[in-house]
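Remarks on the structure that follows.
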Amino acid sequence: MRTRVRGWRWRRNPLRRRSDVVEAWTALAVAVLLLVGAPLAGALAGLWAHDEALKAAIVQRAERHRVRAEVIGEVPERLPSVGDRQAYRTTVRWTEPGGGTRTASARVPAGAGRGDVVDVWFDARGRSVTPPPDGVAVWQHTVSIGVCVAGGAAAVLLLGHGIARHVALRHRLDEWEREWARTGPDWTRRRA
């Protein structure tokens, strides 16, 4: 039957080695860093990512403009798909605020047929571009970065703890080997 004694590395006893104390302090430091440091690193990285994504979204909103256009091009029989979003490129026509009519090739959402009016986005050069990120996309980016940084910090901490435990085990075995070399002959001496 085996009995576990909690906290034995913290108490004074003849079986406690220096490597045991180092391992106990390392475990305590890792626990505190996992509970405080990793979430804090994730939160700080998420805040930074939110600010950067918000700035990028504001710049894109300033550079891009939305146009209500009529689909006049051919609709493909089979739509290409990217992830859950389906879109295809076709010709659209819209009326400029000054009264002129323009035609261009643009990405339109799946399900839009000839004659449908859709929203398309163009940059300052008149190229068809994706819409600027909205608030949901900014928050998705924020949460993704925060979770990845927190998870990465936790993984680095756990890897470091594993290495420290391995080194402590090697030191402990070396200490035990030296002790046995000193006391072993007394125990293994043959008696007549």
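Note that these values count all heavy atoms, side chains included, but never hydrogens, waters or copies made by symmetry. The structure displayed is predicted, hence computed values, not measured ones.
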Hey, mind stepping through D123 and E63 against side chain to side chain contact (heavy atoms under 4.5 Å, CB included) and telling me if it holds? CA-CA 6 Å; D123 62 6; E63 292 174 348; 5.7 Å; no
Is the closest side-chain heavy-atom distance between T101 and E96 below 4.5 Å? no
Look at R114 together with E70 and state whether they make a salt bridge at an N to O cut-off of under 4.0 Å. no
If you round to the nearest 0.5 Å, how far is OG1 of T26 from CG of L33? 11.0 Å
Rounded distance [0.5 Å steps], CD in E175 versus NE2 in H171: 8.5 Å
Of E179, E177, E23, the residue whose pairing with R172 passes salt bridge (Lys or Arg N to Asp or Glu O under 4.0 Å): E23
Is V108 reachable from V67 through a run of I, L, V, M, F, W or Y residues, each pair having side-chain heavy atoms under 4.5 Å apart? yes
Determine whether the aromatic ring centres of W121 and H65 lie less than 6.0 Å apart. no
Would one find more than 12 heavy atoms of other residues, nucleotides or ligands at under 6.0 Å from atom CZ of R89? yes
Counting C-beta onward and ignoring hydrogens, is there a side-chain heavy-atom pair between D134 and V138 closer than 4.5 Å? no
What is the distance from atom CG of L47 to atom CD1 of I145, rounded to the nearest 0.5 Å? 12.5 Å
Contact check, side chains of D119 and R66, non-hydrogen atoms, under 4.5 Å: yes
For a side chain to side chain contact (heavy atoms under 4.5 Å, CB included) check, start with the C-alpha distance between T91 and T103, then their side-chain angles and the critical distance, and finish with the verdict. CA-CA 7 Å; T91 307; T103 304; 3.3 Å; yes
Please check this pair: side chain of S128 against backbone of R107, looking for a donor-acceptor N/O pair closer than 3.5 Å. yes
W139 and L54: same hydrophobic cluster, using ILVMFWY side-chain contacts below 4.5 Å? no
Would T130 and R64 count as a side chain to side chain contact (heavy atoms under 4.5 Å, CB included) here? Give the steps. CA-CA 9 Å; T130 58; R64 300 174 182 189; 3.4 Å; yes
Check step by step if side chain to side chain contact (heavy atoms under 4.5 Å, CB included) holds for H161 and R165. CA-CA 6 Å; H161 180 62; R165 285 193 63 177; 3.3 Å; yes
Using a 4.5 Å cut-off on heavy atoms from C-beta on, say whether the side chain of V92 contacts that of I72. no
With distance as the sole test, does D51 use its side chain to make a donor-acceptor pair with the main-chain N or O of W48 at under 3.5 Å? no
Minimum heavy-atom distance between P39 and L34, given as atom pair plus value: CD-O, 3.3 Å
